[in-house]
Amino acid sequence: MTSSVWQKSSFSEAASNCVEVRAREGVIGLRKFDEGDVIVRTMRLKFANFLQGAKAGEFDHLIADA
């Protein structure tokens with residue numbers, strides 16, 4: 001992903017119930033869809049490591065009651 005266009009997951013429910021992500025100038029940004037402010041910025045490698053952990057289920061306990 002090398003576009004400055006915000007992208008949301010296909011798993012997101014309603015349009016206002018999601019987090020969006022984009023890559024711009026080597027930096028990954030995350031924000032809530034309904035609030036335009038960027039809430040997290042990180043480098044690509046750190047984001048890739050986070051995604052790897054999420055895919056492995058390391059954070060599943062955080063959404064167990066969702």
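Residue numbers start at 1 and run along the sequence shown. No hydrogens, no waters, no symmetry mates; every other heavy atom, side chains included, goes into these values.
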Regarding K8 and E20, does a basic nitrogen lie under 4.0 Å from an acidic carboxylate oxygen? no
Return the minimal non-hydrogen interatomic distance between R44 and A23, and the atom names on each side. NH2-CB, 3.5 Å
Checking L30 now: which residues fulfil side chain to side chain contact (heavy atoms under 4.5 Å, CB included) with it, not counting sequence neighbours? V19, V21, V40, F47
Starting from I39, can I reach I28 by hopping between I/L/V/M/F/W/Y residues whose side chains sit under 4.5 Å apart? yes
Members besides V27 in its Ile/Leu/Val/Met/Phe/Trp/Tyr cluster (side-chain heavy atoms under 4.5 Å): M43
To the closest 0.5 Å, what do you measure between CZ (R22) and CZ (R41)? 7.5 Å
Rounded to the nearest 0.5 Å, what separation is found between the NE2 atom of H61 and the CD atom of E58? 9.5 Å
Would you indicate whether the side-chain heavy atoms of F33 and W6 approach each other to under 4.5 Å? no
Tell me every residue that passes side chain to side chain contact (heavy atoms under 4.5 Å, CB included) with S10, counting only those two or more places apart in sequence or in another chain. none
